[in-house]
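Chain identifiers are assigned alphabetically (A, B, ...) following the order of the sequence lines, protein sequences preceding nucleic acid strands; residue numbering begins at 1 within each chain.
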There are 2 protein chains.
Amino acid sequence: MRLVIARCQVDYAGRLTAHLPMATRLIMVKNDGSVLVHSDGGSYKPLNWMSPPARLREGVTEDGRVEWTVHGKDGPDGDTLRILVDEVLSDSSHDLGLDPGLQKDGVEKHLQELLADHPGTLAPGLTLVRREYPTAIGPVDLLCRDDRGSCVAVEVKRRGDIDGVEQLTRYLELLNRDSTLCLNGSVRGIFAAQEIRPQARVLATD
Amino acid sequence: MRLVIARCQVDYAGRLTAHLPMATRLIMVKNDGSVLVHSDGGSYKPLNWMSPPARLREGVTEDGRVEWTVHGKDGPDGDTLRILVDEVLSDSSHDLGLDPGLQKDGVEKHLQELLADHPGTLAPGLTLVRREYPTAIGPVDLLCRDDRGSCVAVEVKRRGDIDGVEQLTRYLELLNRDSTLCLNGSVRGIFAAQEIRPQARVLATD
DNA sequence: CGTGCCAGGTGCCAT
DNA sequence: ATGGCACTTGGCACG
């Protein structure tokens, strides 16, 4: 990994065009060729960047100024990052080696497993039929059966949003066309989330 | 901005928990206290991070090892990043100053403006009623009227995807309940995108 | 300030 | 490869 602190001006041309006026910034060049331009604030997103695979070429403009050109996977025809380097304040390289990678826990999958083990917490008498029940338009998170034998589709979300309700609605529509599932009345839906936005709740009671 | 290259192990606890085994990485500490942990690959997203405002405290564990603790906006009760620093290979600070900021061009808004100026390109005889027409469930990108006086709702997307079609369907359903808009027949919908995915096309012809 | 929605989204896993 | 979908999504604009 190469770290460069430099006064620079950056221009990106690709799916959109973006321009950064001359200022002092950090330019990070990773081993896979990807380039990140960071300022001293904002969030984790760089001001400008080039995703891997990418290739950096150090050149000089007609009037003798240092210019770095970064091309994306499509080469010179695709996305291009043009960095006009006015003054280099620091330039260092470091061998980091491969990263063993990240281990996550507590995302939706985990929540889904928890609910799969205890479907009764969603509604009394609910039992699990199958997790990730496959349909033509994607898997239903949990397919259950209530105490009267009716099918219940459960959509699990960490954040309950409008599109989550729609996802569930989409499944319900499809499942209700499947006569083998509607034996004991129509398929109901349960929207399970850690946090449900009010708008989503409104739509859900439709 | 402070840049540290170090062998470290990172643990995040917040909305989820995440663990990074011991390895050599870049730790970027920005002026606003935010911390980014980068490996030498992947894309612009850090392996772990803490969003601003944040505060870093350099401490020592019981058994004498160096441990950095980063707390988020909620202080010690909120998100926490724990960095166990095994060996510092490089540690430098740089004054970058304020960044003048990014100028973008060519995203959806631009596309929407273009279509708003030339609604006729969507369908012959189409005229614009209003851009960002407000409804209870969000603004319709473009509300138009065709040559027969019927209302036409237009949803503009850079990439035509399933949820875009659903967004439009949602609007159409709502608009068709509004009798003042259905004077000359029901409200039609047009899905305008630079690129339309086949699945979305299938759903759209429903 | 919440709420909705876009993003050069990125990443993960399925067919 | 392509599609569907979550994400510590982040970020912005508007009511």
Side-chain angles (χ1 to χ4, degrees), chain A residues 12-18 34 42-52 54 72-74 78-81 101-102 104-112 132 134-139 141 155-164 166-167 170 193-194 197-203, chain B residues 12-18 34-37 41-52 54 70 72-74 78-81 102 104-112 132 134-141 155-159 161-164 166-167 170-171 193-194 197-200 202-203:
Chain A
Y12 167 78
R15 275 157 280 194
L16 58 68
T17 63
S34 59
S43 70
Y44 70 69
K45 196 172 180 175
L47 296 167
N48 252 327
W49 72 94
M50 181 62 69
S51 304
K73 60 175 162 57
D74 298 327
D79 298 13
T80 304
L81 199 63
L102 186 67
K104 283 188 189 181
D105 190 16
V107 261
E108 185 201 302
K109 196 165 88 175
H110 200 242
L111 182 61
Q112 189 191 118
E132 296 287 339
T135 75
I137 55 169
D141 285 347
E155 173 65 29
V156 182
K157 275 267 181 301
R158 204 176 58 77
R159 238 175 59 181
D161 240 326
I162 280 187
D163 50 351
E166 263 169 359
Q167 200 175 331
R170 216 158 63 218
Q194 289 180 310
R197 306 227 162 247
Q199 318 307 12
R201 187 182 293 276
V202 170
L203 186 62
Chain B
Y12 167 78
R15 277 158 282 192
L16 59 67
T17 63
S34 59
V35 177
L36 287 67
V37 179
S43 72
Y44 69 67
K45 197 171 182 176
L47 296 167
N48 252 326
W49 71 93
M50 182 62 70
S51 303
V70 187
K73 60 175 162 56
D74 297 328
D79 298 13
T80 304
L81 200 63
L102 185 67
K104 282 190 188 180
D105 190 15
V107 255
E108 185 200 300
K109 196 164 89 175
H110 201 243
L111 183 61
Q112 189 191 116
E132 297 286 339
T135 75
I137 55 169
V140 178
D141 284 348
E155 175 64 31
V156 181
K157 276 269 179 299
R158 201 178 56 77
R159 235 179 59 180
D161 239 326
I162 281 188
D163 50 350
E166 262 168 0
Q167 199 175 332
R170 214 157 66 217
Y171 289 142
Q194 288 180 311
R197 305 232 160 244
Q199 312 348 39
V202 170
L203 186 62

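Remark: Lys45(B) is not in phosphate contact with dG11(C), judged by side-chain N or O atoms under 4.0 Å from OP1 or OP2. Between Lys109(A) and dA6(D) there is no side-chain polar atom (N or O) within less than 4.0 angstrom of OP1 or OP2. In this structure, Arg170(A) reaches the dC5(D) phosphate: one of its side-chain N or O atoms is under 4.0 Å from OP1 or OP2. Considering only side-chain N and O atoms, Gln167(B) lies under 4.0 angstrom from the phosphate OP1 or OP2 of dC6(C). Contact annotation: Ser51(A) reaches the phosphate of dT10(C) (side-chain N/O to OP1 or OP2, under 4.0 Å). Residue Arg15(B) places none of its side-chain N or O atoms closer than 4.0 Å to OP1 or OP2 of dA6(D).
Base engagement by Met50(A) is indicated by at least one non-hydrogen atom pair under 4.0 Å involving a base atom. The residue Lys157(A) sits close only to the backbone: its heavy atoms come under 4.0 Å of sugar-phosphate atoms, none of a base.
Atom pair Trp49(B):CH2 and dG10(D):P shows a separation of 6 Å (rounding to whole Å applied). Distance Gln112(B) CD to dC5(C) C1': 12 Å, rounded to the nearest Å. Asn48(B) places its CG atom 16 Å from the P atom of dC7(D), with the value rounded to the nearest Å. Summarising the geometry, the separation between CG on Leu47(B) and P on dC7(D) is reported as 18 Å, rounded to the nearest angstrom. Atom CD in Glu132(B) sits roughly 9 Å away from atom P in dG15(D) (whole-Å rounding). Rounded to a whole Å, the CG atom of Leu16(B) is 13 Å from the P atom of dC12(C). Whole-Å rounding puts the Glu166(A) CD to dG4(D) P distance at 15 Å. The distance from atom NZ of Lys73(A) to atom P of dT10(C) is 10 Å, rounded to the nearest whole Å.
Atom-to-atom distance recorded for Lys157(A):NZ and Leu111(A):CG is 11.0 Å, nearest 0.5 angstrom. Separation of atoms CG (Asp79(B)) and OG1 (Thr17(B)) is listed at 11.5 Å; rounding is to 0.5 Å. Within the model, atoms CG of Asp105(A) and CG of Leu16(B) stand 8.0 Å from one another, a figure rounded to the nearest 0.5 Å. A distance of 5.0 Å separates CG in Leu81(B) from CE in Met50(B), rounded to the nearest 0.5 Å.
The stacking criteria are not both satisfied for Tyr44(B) over the base of dT10(C), which would need a centre-to-centre distance under 5.5 angstrom and an angle between ring planes under 30 degrees.
In terms of position along DNA chain D, the nucleotide closest to Asp141(A) lies nearer the 5' end than the nucleotide closest to the other residue of the pair Asp141(A) and Gly42(A). Toward the 5' end of DNA chain D, the nearer of the two residues Asp79(B) and Pro139(A), judged by each one's closest nucleotide, is Pro139(A).
The side chain of Lys104(A) lies closest to dT8(D), out of dC5(C), dT8(D), dA6(D). Closest to the side chain of Ser43(B), out of dG8(C), dT8(D), dT10(C), is dT10(C). Candidate nucleotides dC7(D), dC5(C), dG8(C) were compared by shortest atom distance to the side chain of Glu108(A), and dC7(D) ranks first. Looking at the side chain of Ala18(B), the nearest of the listed nucleotides dT8(D), dT10(C), dG8(C) is dT8(D).
Looking at Thr80(B), its side chain does come within 3.5 Å of a backbone N or O of Gly78(B) through a donor-acceptor pair.
Nucleotides dC7(D) and dC6(C) are separated by 15 Å at their C1' atoms, to the nearest Å. Only the P atoms considered, dG4(D) is 22 Å distant from dT8(D), to the nearest whole Å.
Annotation: side chain of Gln112(A) is in contact with side chain of Glu132(A) (closest heavy-atom distance under 4.5 Å).
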